[in-house]
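For reference, the structure is listed below as structure tokens.
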Amino acid sequence: MSDSVTPAAPAAPTDFIRDIVSADLASGKHQRIVTRFPPEPNGYLHIGHAKSICLNFGIAHENGGQCNLRMDDTNPAKEDLEYVDSIQEDVRWLIGGWADQSIGLKPVGASPAANPVADGVDYHLSAVLPAASEGQQLEPFFASAYFDQIYEFAERLILKGKAYVCDLTPEETERYRGAPDRPGTNSPFRDRSVEENLDLFRRMRAAEFPDGKRTLRARIDMTSPNVWLRDPILYRIRHTEHHQTGKRWCVYPMYDFAHCLSDYIEGVTHSICTLEFEVHRPLYDWILEALQLARPLPHQYEFARLNLGYTVMSKRKLLQLVNEKIVKGWNDPRMPTISGLRRRGVSPGALRDFAYHIGVTKYNGLTDVAVLEKAIRDDLNRRAARRMAVLRPLKIVLTNIAEGETIPCEAVNNPEDPTSGTRTLHLTREVWIEQDDFMETPPPKYFRLRPGGEVRLKYACIIRCDQVVKDASGQVTEIHGFADLTTRTGQPNSGKKVKGTIHWVSATQAISAEVRLYDRLFTEEEPEKDGRDFKSVLNPRSLEPVTAHLEPSLAGATASDRFQFERLGYFCLDADSRPGTPVFNRTISLKDGWAKAQS
Ligand code: ATP
Ligand code: MG
């Protein structure tokens, strides 16, 4: 492209939901778009939620609208404040400001020439959101805050003859409902008078009855082919304390009743949920219509949920992994939770790029985990500082370097980022290399170190292996070699070529650290295929801790730093680190080791 041509503004993502939103704005049906992300606070958010967050917040902000983070907290039994807090933290992290976000970000619609982004991805929410500063709380919405209004709506339905109090037991209710191919039967309590219904409902609220004794049901159609329309339960009795409303309520609205009304109360225009709720949509519409609410009414749209290879996603299963101590908590770096991915070193930008790339459809499918891994690698490749670390050390004694002598070598910090500069490493008499980088009797095409052979130590010089030292059992314990200092940068033989270049760290200057090598949690792409128990296909090597030697500059690593340990992968400091005993997590290897292993 010639310099004089202004590149076209990159397109915002398009999909069928965004098309609907655009059409609704164009036709004047809505002046302003309001969406919501409504998690139930019964677990930590996972990467499937991230897809929904990016969609809902994305649509709102692309259109100058608003997206409400709403706790869908109508079922106190399974909910917890811990989850409310973690959800807020995760949403804020994913869409809000983050120290590292300045890299690879630009406003939607800005020209790529003015704001180059390495992989051309042009869709970044944080650029259009008011960036949350560190520690700033997003104020979420709570469905429980509408309990009074929702209760009023229920009484209004009773007054209209569209809801009744039913005394059937849960088992009877189930039996009366029928089946998709068999009509249901009217409840014997369906024709109670408005006065009796109102009285009983008020007494339900006044705690006169035990759990399960009575319900409030919509009066719709027990013969509807859609079982969700067969007089669904709107309210149930639950003598349970609620994390927001305490002991104020002993009747709680069901999801279907609370959800459409919460949307209505908040002025939501587009209520976007996953495909399972398609069959609930007629009920969503029925409730709003039956109450004769002011227009425009919110409308529900459904999209395919994210299913990702090599993991399980539902909160119930993730809770099982936590409770059975298969992982070390919700934020274990192997978990597909947002907090796990964060701890593993994945950036919000990488997750948003992933959400952008997978798109939004109406067809359920399995997303290849390689798509996520590519987004993570592309992001880290741009901004991770290059460092050297040896995970499985073998010592080399360079006999022509004196003890205590230090030979400075300049190392490039990030070839992808010319502004990142260089740092100085020191070659010393004793260095660590990877055990893998030496073989006594190597196969053909092995270009690393062998007896009598040469290899280049990255940023330093070519070395030769002169002597292999072994212990009584024949194990190689160390290598003695020669460092050809004339092959250093700027020296006469710097241009000398050898086929292999390996990384290394000075044995006298290195710091030691625990490095946790994480891998996929399951060995099978579909852990639950054909009804299999997902716990039968756990990857026994999903965590391998090693004691590694790191170049000394890594002693100053901070939590927000991202590193590429050269030739090994991307790493970040873990929260388990203590002064003097750092712990690093492997976010991801440099290449897809699984593809190689399977080919
Ligand atoms: P889970 O089945 O994992 O427990 P959920 O649907 O019960 O998830 P909610 O807290 O009710 O979790 O979900 C909040 C929002 O996130 C909903 O709008 C839901 O549709 C969406 N969501 C949940 N899982 C996914 C997923 N895998 N892909 C896309 N969106 C999802
Ligand atoms: Mg749910």
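We're numbering straight along the sequence, starting at 1. Start at 1 and go down the list; that is how both ligands and their atoms are numbered.
- With salt bridges taken as basic N to acidic carboxylate O contacts below 4.0 Å, none links E528 and K535.
- Inclusion of E40 in the set of residues having an N or O under 3.5 Å from an N or O of ligand 1 is warranted.
- Between the choices M71, H49, R70, the shortest heavy-atom distance to atom 16 (O) of ligand 1 belongs to H49.
- The shortest N or O to N or O distance between L306 and ligand 1 is below 3.5 Å.
- Not a single N or O atom of P39, backbone or side chain, sits closer than 3.5 Å to an N or O atom of ligand 1.
- An N or O contact shorter than 3.5 Å is missing between R316 and ligand 1 by distance.
- Of all atoms in ligand 1, numbered sequentially from 1 with element shown, those under 4.0 Å from a heavy atom of F303 are 29 (C), 30 (N).
- With sequence neighbours left out, R334 forms a salt bridge (charged side-chain N to carboxylate O under 4.0 Å, His left out) with D332.
- Looking at N42 next to ligand 1, no N or O pair under 3.5 Å apart turns up.
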Could you give me the CA-CA distance, side-chain angles and deciding distance for N68 and E266, then say whether side-chain hydrogen bond (donor to acceptor under 3.5 Å, both in side chains) is met?
CA-CA 8 Å; N68 297 347; E266 290 178 8; 2.9 Å; yes
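- For the pair R217 and Y164, the cation-pi criterion (under 6.0 Å, within 45° of the ring axis) is not fulfilled.
- Inclusion of K51 in the set of residues having an N or O under 3.5 Å from an N or O of ligand 1 is not warranted.
- Partners of D90 by salt bridge (charged side-chain N to carboxylate O under 4.0 Å, His left out), not counting sequence neighbours, listed by chain and number: R342.
- Classification of D576 and R516 as a salt-bridged pair holds, one side-chain N sitting under 4.0 Å from a carboxylate O.
- Remark: R238 fails to qualify as a cation-pi partner of Y252 under the 6.0 Å distance and 45° angle criteria applied to the six-membered ring.
- Of all atoms in ligand 1, listed by their number and element, those nearer than 4.0 Å to a heavy atom of T274 are 20 (O), 29 (C), 30 (N), 31 (C).
- Because its NZ or CZ atom is not both nearer than 6.0 Å to the ring centre of F147 and within 45° of the ring axis, R248 does not count as a cation-pi partner of that residue.
- With ligand atoms numbered from 1 in the order given, ligand 1 contributes 3 (O) to contacts under 4.0 Å with heavy atoms of M313.
- Of all atoms in ligand 1, listed by their number and element, those nearer than 4.0 Å to a heavy atom of P38 are 14 (C), 18 (O).
- The closest approach between a heavy atom of F277 and any atom of ligand 1 is not below 4.0 Å.
- Ligand 1 is never approached by E276 to a heavy-atom distance shorter than 4.0 Å.
- A side-chain donor-acceptor contact under 3.5 Å links R562 to the backbone of G345.
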